[in-house]
Amino acid sequence: MTLVLVAGMSLMGAVDATPVAAEASWMPLRDLAKPRPIQVGTAIKHQALEKDPAYAAMLIREYDLVTPENALKWAVLRPGRVAFDFGRADVLVNFAITNNLQIRGHTLCWNLDQHLPPWLLEGRYTPKESRRLLRRHVQAVVGRYKGRVACWDVVNEAVSNDPRKPLLADGFWKRSLGPDYIDLAFQWAHAADPQALLFYNDYDVGDPMGTKSDRIYELVRGLVQRQVPIHGVGLQMHCRLSQPPDEDSLRANIARLTRLGLQVHITELDVGLEGGSGPLTEQLEQQAGVYATVTRAAMDNPQCTALVTWGFTDKWGNTHRNKRLGKPTGTPTHLLPFDREYRPKPAAWAIAKALKGEAR
Ligand code: G3I
């Protein structure tokens, strides 16, 4: 199935019918970032692209980088031990390529059991069989999109949140292959597409220079020292208004990672309100402050080469429980820069100002 923008919604020369067009001084985010340059992106949902022409139109206008939110995960790609279902992924990759959007592939290897298909967890495999399963997955997926997916989150969330536990979290791939699963996944991905940039993607817990971030740093420093083909680290940055990231700490964490010779991508930025106290207008201004903090920190380090929000409109938002800050105090809402009618919220204006290098 190909996605065709509704006539008049197409931005190729036609009148721009997107809601932001009504905002006289609004400039597409992707254009504001060009002088730096930093790629400005968003996670994209298959169902939103299918059902909502305004979603597609805004996406093309505002962003130059997209991350399929779920379509490239094992849970979607792998209905069985030998079967692949590339249906959704192909739709999103083809849409992105057709509209000159670069793609972040997310994610080849997520070790946590709850994100893996039941048939994999229920199976009984020798270490050799497990190794073949992961190798063939990485080779098939990266190979299919060779030259079309610019970078991959090769391994996602491998580090445990609990400082009392071993650095690497328990999970299917660690149990099956031991700690080497990480090096192997990167090596297989690099062999499948030597041009693709390969990232380790994770989230901190609390302070961006706290224990978990230290452990992530330790993990990627080891990969670099062993000359594993890693090119960057994805900092997810799922934030909540109740505990905003400290700007100096975030900058320091980005800086130490780039001193390893790695790029940094902000990969999943969102800022959840939690039904806190005070008028919504005040909370939205505070939310804008957090978006500005993260965008400024990204802009101020030349090795931070992408800023990706985990969606862009509250019409198609998430209510994921934000593990970053421990037990959620409520369901995060209003997380994204544009509202349900695709109008820029204070958060979108704050990102725009920070991309232009202007203070809030
Ligand atoms: O598509 C199926 C649908 O057919 C079915 O009816 C429905 C009910 O079972 O499930 C749907 O799949 C869900 C999918 O989101 C699409 O909505 C999965 O169950 C659900 O687990 C999945 O959640 C995603 C989650 O990762 C787990 O993969 C979230 O959308 C996605 O935002 C979230 O994103 C993660 C990043 O990948 C990694 N970093 C943290 C981030 C937030 O948790």
Side-chain angles (χ1 to χ4, degrees), residues 33 36 38 40-41 153 156-165 167 169 199-224 230 232-274 276 283 285-310 320-329 332 335 337 346-347 350-351 353-355 357-360:
R36 166 57 160 64
I38 185 169
V40 183
D153 286 337
N156 184 58
E157 301 177 17
V159 173
S160 60
N161 286 346
D162 186 341
R164 296 161 303 178
K165 292 187 176 170
L167 186 145
F199 282 71
Y200 172 74
N201 188 53
D202 211 331
Y203 60 95
D204 57 44
V205 177
D207 184 338
M209 284 292 272
T211 305
K212 179 160 183 198
S213 292
D214 291 344
R215 299 177 115 197
I216 291 168
Y217 176 77
E218 192 182 322
L219 169 67
V220 296
R221 184 178 56 187
L223 293 171
V224 171
I230 178 173
V233 176
L235 303 179
Q236 293 180 12
M237 297 311 296
H238 290 294
C239 303
R240 291 216 302 260
L241 216 47
S242 54
Q243 288 181 299
D246 172 76
E247 183 160 353
D248 291 341
S249 179
L250 174 58
R251 287 167 181 269
N253 192 33
I254 292 172
R256 69 173 168 177
L257 290 165
T258 57
R259 283 196 294 272
L260 292 173
L262 298 173
Q263 293 184 40
V264 166
H265 283 179
I266 304 297
T267 52
E268 303 181 16
L269 176 59
D270 54 24
V271 182
L273 316 187
E274 296 150 289
Q283 292 187 63
E285 284 300 329
Q286 291 163 25
Q287 179 188 53
V290 179
Y291 272 103
T293 293
V294 178
T295 305
R296 276 198 307 268
M299 288 296 286
D300 288 353
N301 188 314
Q303 281 301 101
C304 191
T305 51
L307 175 78
V308 180
T309 53
W310 203 238
H320 54 259
R321 285 285 186 261
N322 185 323
K323 299 159 285 191
R324 175 169 177 270
L325 297 167
K327 188 166 174 42
T329 54
L335 294 116
I351 292 171
K353 278 182 175 286
L355 289 174
E358 295 171 8
R360 268 213 77 204

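In what follows, residues are counted from 1 in the order of the sequence shown.
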[X] vs [Y] side-chain heavy atoms within contact, under 4.5 Å:
| X | Y | value |
| --- | --- | --- |
| Val233 | Tyr217 | no |
| Ser160 | Arg215 | yes |
| His265 | Val308 | no |
| Leu355 | Thr295 | yes |
| Gln303 | Arg259 | no |
| Val40 | Ile351 | no |
| Cys304 | Thr258 | no |

Drop me the distance from [X]'s [atom1] to [Y]'s [atom2], to the nearest 0.5 angstrom.
| X | Y | atom1 | atom2 | result |
| --- | --- | --- | --- | --- |
| Thr309 | Leu269 | OG1 | CG | 6.5 Å |
| Leu307 | Tyr291 | CG | OH | 9.5 Å |
| Leu335 | Trp310 | CG | CH2 | 12.5 Å |
| Gln263 | Leu257 | CD | CG | 12.5 Å |
| Arg240 | Asp270 | CZ | CG | 10.5 Å |
| Leu167 | Lys212 | CG | NZ | 10.0 Å |

| request: Check the pair Val290 / Leu241 against side chain to side chain contact (heavy atoms under 4.5 Å, CB included), numbers first and verdict last. | output: CA-CA 8 Å; Val290 179; Leu241 216 47; 4.3 Å; yes

| task | Look at the side chain of Tyr200 and the backbone N and O of Ile216, then say whether any donor-acceptor pair between them is shorter than 3.5 Å. | result |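 No, because the side chain of Tyr200 does not come within donor-acceptor range (under 3.5 Å) of the backbone of Ile216.
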
| query | Quick check: does any side chain N or O of Asp153 sit under 3.5 Å from a backbone N or O of Asn156, one acting as donor and the other as acceptor? | reply |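 No, because the side chain of Asp153 does not come within donor-acceptor range (under 3.5 Å) of the backbone of Asn156.
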
For residues [X] and [Y], report the shortest heavy-atom separation together with the two atoms involved.
| X | Y | answer |
| --- | --- | --- |
| Ala288 | Ala350 | O-CB, 3.4 Å |
| Phe199 | Val264 | CE2-C, 4.5 Å |
| Leu235 | Asn201 | N-OD1, 4.3 Å |

| task | Taking side-chain hydrogen bond (donor to acceptor under 3.5 Å, both in side chains) as the test, write out the residues that go with Glu285, two or more places apart. | result |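 Checked Glu285 against side-chain hydrogen bond (donor to acceptor under 3.5 Å, both in side chains); matches are Arg360.
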
| query | How would you list, by chain and number, every residue that makes a side chain to side chain contact (heavy atoms under 4.5 Å, CB included) with Ser213, sequence neighbours excluded? | reply |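 Partners of Ser213 by the side chain to side chain contact (heavy atoms under 4.5 Å, CB included) criterion, ordered by chain and then number, come out as Asp204, Asn253, Arg256.
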
